[in-house]
Protein chains: 2
Amino acid sequence: MKIDRSVVRSLSLFDRMSDADLDWLLGHATARRIPQGDAVFEQGQAAASFFLLLHGRLKVTQVTEDGQQIIVRVVHPGDLFGFAKALQRSDYPGTATAVTESIALSWPTDLWPHFVEQNPHLAVSTMQTIGQRLEEAHTRIREMSTQEVERRVAHAVLRLSRQAGKHEQGGIRIDFPISRQDIAEMTGTTLHTVSRILSAWEAKGLVEGGRQKLVIRDLAGLTQIAESGRD
Amino acid sequence: MKIDRSVVRSLSLFDRMSDADLDWLLGHATARRIPQGDAVFEQGQAAASFFLLLHGRLKVTQVTEDGQQIIVRVVHPGDLFGFAKALQRSDYPGTATAVTESIALSWPTDLWPHFVEQNPHLAVSTMQTIGQRLEEAHTRIREMSTQEVERRVAHAVLRLSRQAGKHEQGGIRIDFPISRQDIAEMTGTTLHTVSRILSAWEAKGLVEGGRQKLVIRDLAGLTQIAESGRD
DNA sequence: CGGGTGGTTGAAAGTTATCAATAGCTGTGG
DNA sequence: CCACAGCTATTGATAACTTTCAACCACCCG
């Protein structure tokens, strides 16, 4: 498979990598299409590959022993995912599902140590990536510890609008199908509570809801709720 | 300052490092004593150094704009901490306070990139460390999303007993001063609720409390609460 | 021995989950 | 092309859990 480096050149992960190194990397990659609803890998599976999302959108979920699900994170184009080996584990800690048709590059996990030894800068970049993810996780912990549900949902929605927002007339649309259940699983609450909150916001003209759809109409208003509480 | 490599040789972080590399590393390190209650660094300060805890115990906390505090993690001997640069940020995201008198090694942040370029294996090790931390964070998010407070507290106490447990006759003692407030800040609840829960456990003979003190008397019983709920 | 920090506990209030019933969209198949 | 199945969403009522408020206790340190 021949993958042109123009495909990934713009990604910050490969910022300072030489063309030669990049070509070598891509020479070992496989491109793969994931239809909507399919899983790239499942929780508990042996970690055979690690991935880079080129196009589309994935959600990474975990299921607890008692069957409850949470969304660990949303994967956006340009993100690395499934790098279990770097986390010193042999199986995937979660399931990655395509919420829209997606395209990802993959490399065999065995190559990972080789990669980083070969190219220390990639190691540094990846470390930064994981570091950012750690910070996000801490932010989420902080929010869940100290904030009431409405503020958490507001933060989650604003985050989505930043990462997957598509400006259109009169608002910002979240550019992939997202259900109340999804938002609940991202904020640690139930779909009922999310539904109530969104209904209330809609009544105030802050957002516009719909089936697997969400458009932010009043960014400032939402921000206010996220920041300090009631508006 | 001369630091013998025997001081850190046993740590897994330096597992496969040569004596020469290790000596070089230690040649650039500064050892520092932190009295109980003092901070090694504070949230928002410019990240001038990164650290390795040799002895003692630290807690890393964050304060939200509205003054609420949470404990991000507890630092145990052998742990790296304050590696903000690796997370691509110039300031410390939290405050590290000694809960017992502690000893730490420190290196100037500037040396970090040098270190990892020089010694790719260290980069891999560190990445694994951060990876584990990320996993811990996700575990915590999962718990806070799906479990009621009592189970979360049980998990937190069990974790502490694993990381800082000291076996003594008839139980496992948490080997550093810990308050109800601390446990509350680790589990996202209030000291009142923690106090009630611990009182109930004490009545059932599961633990023995006290001022800044905690001894686990019935590990199996606690584990049961952590796993499935009510016993 | 007095003050302060850390801890306990009751009562009331509030938030969020749970239970339950209904409505509405979407896509599939007769 | 319409109807039905199934999933997604809405919403009221109730219950449960946790926080908040308040008062009090006890231990440790200076």
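Any value given below was found using the heavy atoms of this structure, including those in side chains, with hydrogens, waters and symmetry copies removed. Please read all numbers here as calculations on a predicted model, not as lab measurements. Lettering follows sequence order; numbering is per chain, from 1.
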- prompt: Under 4.0 Å between a side-chain N/O of B:Ser199 and OP1 or OP2 of C:dG7, yes or no?
  reply: no
- request: Flag the pair B:Asp182 / B:Lys59 as yes when at least one side-chain heavy-atom distance between them is below 4.5 Å, and no otherwise.
  value: yes
statement: The correct set of residues in residues 188-197 of chain B placing a heavy atom under 4.0 Å from DNA chain D is B:Gly188, B:Thr189, B:Thr190, B:His192, B:Thr193, B:Arg196
- prompt: Taking CG from B:Leu198 and P from C:dT8, how many angstroms apart are they, rounded to a whole number?
  reply: 7 Å
- prompt: Taking the side chain as C-beta and beyond, is there a heavy-atom pair between A:His155 and A:Arg140 under 4.5 Å?
  reply: no
- prompt: Looking only at N and O atoms, is any donor in the side chain of B:Arg211 or the base of C:dT5 less than 3.5 Å from an acceptor on the other one?
  reply: yes
- prompt: Atom CZ of A:Arg152 to atom P of C:dT16: distance rounded to whole Å?
  reply: 7 Å
message: Main chain of A:Glu42, side chain of A:Thr95: is a donor-acceptor contact present, judged purely on distance under 3.5 Å?
response: no
message: Are the side chains of A:Phe51 and A:Arg32 in contact, using a 4.5 Å heavy-atom criterion?
response: yes
field: B:Gln212 CD - C:dT5 C1' separation (whole Å)
entry: 9 Å
query: Expressed in angstrom and rounded to an integer, what is the separation of B:Ile183 atom CD1 from C:dG6 atom C1'?
result: 12 Å
message: Output the rounded distance in Å from CD1 (B:Ile178) to C1' (C:dG7).
response: 14 Å
Side-chain heavy atoms of A:Leu80 within contact of A:Val75, under 4.5 Å: no
task: Select base, sugar-phosphate, or nothing to describe what A:Arg180 touches, counting heavy atoms under 4.0 Å on all strands.
output: sugar-phosphate
task: For the pair B:Trp112 and B:Phe50, name the ring-plane relationship: parallel under 30°, tilted 30 to 60°, perpendicular over 60°.
output: perpendicular
d(CH2, A:Trp201; P, D:dT11) in whole Å: 15 Å
Approximate separation, where rounding is to 0.5 Å, of A:Ile172 CD1 and A:Ser161 OG: 5.0 Å
- request: Would you please name every residue forming a salt bridge (Lys or Arg N to Asp or Glu O under 4.0 Å) with A:Glu136, sequence neighbours left out?
  value: none
task: Rounded to 10°, tell me the angle between the two end axes of the helix from C:dC1-D:dG30 to C:dG30-D:dC1, each built from five pairs.
output: 30°
message: Without decimals, in angstroms, what is the distance between B:Lys213 NZ and C:dT5 C1'?
response: 17 Å
statement: Exactly one of A:Arg152, A:Arg159, A:Arg151 clears salt bridge (charged side-chain N to carboxylate O under 4.0 Å, His left out) with A:Glu143, and that residue is A:Arg159
Gap between atoms CD and C1', on B:Glu185 and C:dG7 respectively (whole Å): 15 Å
